[in-house]
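The next block holds one structure in the form of structure tokens; read it before the comments.
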Amino acid sequence: MTDHIRVRFAPSPTGSLHIGGARLVMYNVLFAHGQAKREGRDGKFVLRIEDTDRKRLIEGSAENLMEGLRWLGLKWDEGPDIGGPYAPYVQSERKHRYGEIAEQLVSEGKAYRCFCTPERLQEVREQQQREKLPPGYDRHCRNLSAEDVQAKLDAGEPYVIRFAMPLEGETIVPDLLRGDIVYQNDKIDDLVILKSDGFPTYHLAVVVDDHEMDITHVTRGPEWIPTAPLHVQLYKALGWEMPIFAHMPLILNPNGGKLSKRHGGVSLNDFREAGYLPEALLNYFALLGWSLDGKTEIYSMDDLLQHFTLEKVSPSPSTFDRAKLDWLNAQWINHHLTTEDLALRVMPWLIEAGMIAAAPVDTNHPQYATVVGLSGLLKDRIHFLTEAPDLMSYFLIDDLPDYDTDLLVPKKMEAADVLKVLDAAAELLPRLDLDSHEQTEAAFRALAEQLEMKPGQVFMPIRVAATGRAQSPGLFETLAAVGKERLIARIDLARTKLR
RNA sequence: GCCCCGUUAGUCUAGCGGCCCAGGACGUCACCCUUUCAAGGUGAAGAUCACCGGUUCGAAUCCGGUACGGGGUACCA
């Protein structure tokens, strides 16, 4: 067992960060910064950009990806932005190394140049399909004579370098979650390790980078299991010590199959924009495929750092359950965030909606105290940050948007009775200290008695008049937060609506 | 087709040979609390532990096969 642990996340910058990737990063961080440290080992998490596919590069996606991780609060110890002892952390900048190593393997007879054209490969594949044979490269160039190779080289024919897999025996891929996976070597292809443009394929690049960056544990998606024997053989051929492999489980969409765009958001940004909290996302990632005791549901990142172990991650894929994520998000908002914290998180949405001043979001914002108060009132009713502007609107805006007059008249009540209630309320209001919820409540209950109505029959019209809706936080807190001046105006408005 | 991985309620999971005719959570339903909506509380329904064989005094747990689901099968990662 090594005295230190180094793991890495190596995304290709071809789009936005998928939540499967985000979960992988979290596991890496928990492993390096949590489990490793608890076991008394030095743990490092490194971020490396795998940009060897020049055709699929998307401008800015590496930066976008890092921004997403920062938002989640997941930190890396080394990476393209902060550097580190194993720089560079961008694959394309390491290009020359891969060429050298591929050439070395060729000279040792462990790899070979292949001059087959894409057309020929296509033909071979089609023929195999017709004859129902397992598809794969037919090793056409594996036994080319030295003269043939030289002649083609001299003629300037483009080539790739393929790894020469052993033709017999078996390759064992030890997997931390699954145990040994055994492959028959003759079933494994001679895969391309260096492309004709001189860039390595994933297979060569990961092995070289992981080795040169001293990666001890390779965590990645399960889609790499089938090519893992190649990687094992590559380590062998190069005489390098093998890392420990841990292929993590896949996240499925509710209909089975890889989680994809069809089923709502899959990129981290989608969730951010939908008003999810990083805490809830991380909490959910932990619950998907891992469990402490089968009972605990709420975990903070600190809790996880204290308890997470990579070995306990389940190897079986799990279905992404949006409803449970939503529940967790609400749990975090309703019970685990302080009102001050909630206020700060809700403010950017309020600014965007034009409901509070567009000033920097901090405790010095002119309406910070107001929003803290509202956050206290609405904490239990908010499931997503995106709901805040709507739920807080009637507290922050002077003029209520028009609402249906029928709303003012509860079932089993006549408009005339409602008018009586509102008239009485309008008269009562100037004398009340709204900040004293008890006094307000007592006054309105007395009013109900005097009008020979149930309290609810008095409360409801006042609620609607004050807010323009049938649902709100507790009436008396709500009235205080709306403020006396606006309240009087709104009750007057309701009275005119009823007449 | 071939190779590989997986399989406990609709979903996420606990379980590592007797404590399990299977525990927790989401969702669903009912009731309670209540000035509305939430939040909260209580409770209910829901799993022949994929199936079939075997090992064992005893299996969700170990072994084999089958079925189903998923992944891979590129000069993409």
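Chain letters run A, B, ... following the sequence lines, proteins first, then strands; residues in each count from 1.
Put simply, the side chain of Leu385(A) reaches to within 4.5 Å of the side chain of Ile333(A), judged on heavy atoms. In this structure the side chain of Leu374(A) never reaches within 4.5 angstrom of the side chain of Leu391(A), judged on heavy atoms. The shortest distance between side-chain heavy atoms of Gln91(A) and Ile49(A) does not fall below 4.5 Å.
U61(B) sits 11 Å from C20(B) when the C1' atoms are compared, rounded to a whole Å. Atom name P, nucleotides G46(B) and A9(B): the rounded distance is 15 Å, in whole Å. C37(B) and C32(B) have their P atoms separated by 14 Å, with the value rounded to a whole Å. Here the separation of C16(B) from C49(B), taken at their C1' atoms, is 14 Å to the nearest Å. To the nearest whole angstrom, the two P atoms, one in G23(B) and one in A47(B), are 12 Å apart. Distance check on atom C1': G70(B) versus A50(B) gives 15 Å, rounded to whole Å. Nucleotides C21(B) and C2(B), compared at atom C1', are 42 Å apart to the nearest Å. Look at the C1' atom in both A44(B) and G1(B): the space between them is 49 Å, to the nearest Å.
Between Tyr299(A) and Trp290(A), the gap from one ring centroid to the other is short of 6.0 Å. Note: Tyr27(A) and Phe285(A) fail the aromatic proximity criterion, with ring centroids not under 6.0 Å apart. For an aromatic pair to be called close, the ring centres must be under 6.0 Å apart, and Phe199(A) with Tyr98(A) fails this.
Nucleotide C51(B) has G65(B) as its partner under the Watson-Crick or G-U criteria, with both atom distances under 3.5 Å. Across all strands shown, C20(B) forms no Watson-Crick or G-U wobble pair with both distances under 3.5 Å. Nucleotide U36(B) forms a pair with no other nucleotide shown, judged by Watson-Crick or G-U wobble geometry with both contacts under 3.5 Å. Of all nucleotides present, only U73(B) satisfies the Watson-Crick or G-U wobble test against G1(B), with each distance under 3.5 Å. Pairing for A60(B) is absent, judged as Watson-Crick or G-U wobble with the two contacts each under 3.5 Å. Under the Watson-Crick or G-U wobble criterion, with both distances below 3.5 Å, A44(B) is paired with U28(B).
In the set G6(B), U36(B), G71(B), the nucleotide with an atom closest to the side chain of Gln471(A) is U36(B). Of the candidate nucleotides G71(B), U11(B), U35(B), U11(B) has the atom lying nearest to any side-chain atom of Thr319(A). Of the listed nucleotides (G71(B), A39(B), U35(B)), U35(B) has the atom at the smallest distance from the side chain of Leu475(A).
Residue-environment remark: NZ (Lys110(A)) exceeds the threshold of 12 foreign heavy atoms within 6.0 Å.
At the heavy-atom level, Tyr284(A) lies nowhere under 4.0 Å from the strands shown. Across all strands, Gly221(A) comes closer than 4.0 Å to no nucleic acid atom at all (heavy-atom distances). In this structure, Ser472(A) reaches the bases: a heavy-atom distance under 4.0 Å links it to at least one base atom across the strands shown. Looking at heavy-atom distances under 4.0 Å, His247(A) makes no contact with the nucleic acid at all.
Distance, Leu288(A) CG to G6(B) P: 18 Å, rounded to whole Å. Distance Lys454(A) NZ to U34(B) C1': 14 Å, rounded to the nearest Å. Atoms OH (Tyr394(A)) and P (C37(B)) sit 13 Å apart, rounded to a whole Å. The CG atom of Asn329(A) sits 15 Å away from the C1' atom of A39(B) (whole-angstrom rounding). Phe320(A) places its CZ atom 13 Å from the P atom of U13(B), with the value rounded to the nearest Å. For Asp175(A) and C5(B), the CG to C1' distance is 9 Å, given to the nearest whole Å. What separates CE of Met413(A) from P of U36(B) is a distance of 14 Å, to the nearest Å. Separating the CE atom of Met460(A) from the C1' atom of C37(B) is a distance of 8 Å, rounded to the nearest angstrom.
For Gln128(A) (side chain) and Gly136(A) (main-chain N/O), a donor-acceptor pair under 3.5 Å exists by modelled atom type.
Judged by atom type and distance alone, Arg178(A) does not reach the base of C5(B) through any side-chain donor-acceptor pair under 3.5 Å.
Annotation: cation-pi pair Arg162(A)/Tyr112(A) absent, no NZ/CZ under 6.0 Å from the ring centroid and within 45° of its normal.
Partners of Glu449(A) under the salt bridge (Lys or Arg N to Asp or Glu O under 4.0 Å) rule, at least two apart in sequence or in another chain, do not exist in this structure.
Contact check, Arg469(A) against U36(B): no side-chain N or O comes under 4.0 Å of OP1 or OP2.
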task = Sugar-phosphate means primed atoms, P, OP1 and OP2; the rest is base. With that split, encode nucleotides 72-77 of chain B 5' to 3' as B, S or - using protein heavy atoms under 4.0 Å.
result = SSSBBB
inquiry  = Each nucleotide in nucleotides 20-28 of chain B should get exactly one letter: B, S or -. Can you fill that in based on protein heavy atoms under 4.0 Å?
reply    = ---BBBBS-
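Projected onto RNA chain B by closest heavy-atom contact, His383(A) and Ile181(A) fall at different nucleotides, the more 5' of which corresponds to Ile181(A).
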key: Full working for salt bridge (charged side-chain N to carboxylate O under 4.0 Å, His left out) between Arg178(A) and Asp175(A)   = CA-CA 5 Å; Arg178(A) 290 161 249 262; Asp175(A) 184 279; 3.4 Å; yes
message = I'd like to know whether Trp327(A) forms a ring pair (Phe, Tyr, Trp, His ring centres under 6.0 Å) with Tyr284(A), so could you lay out the CA-CA distance, the side-chain angles of the two residues, the decisive distance to 0.1 Å, and finally the verdict.
response = CA-CA 10 Å; Trp327(A) 175 77; Tyr284(A) 185 64; over 10 Å; no
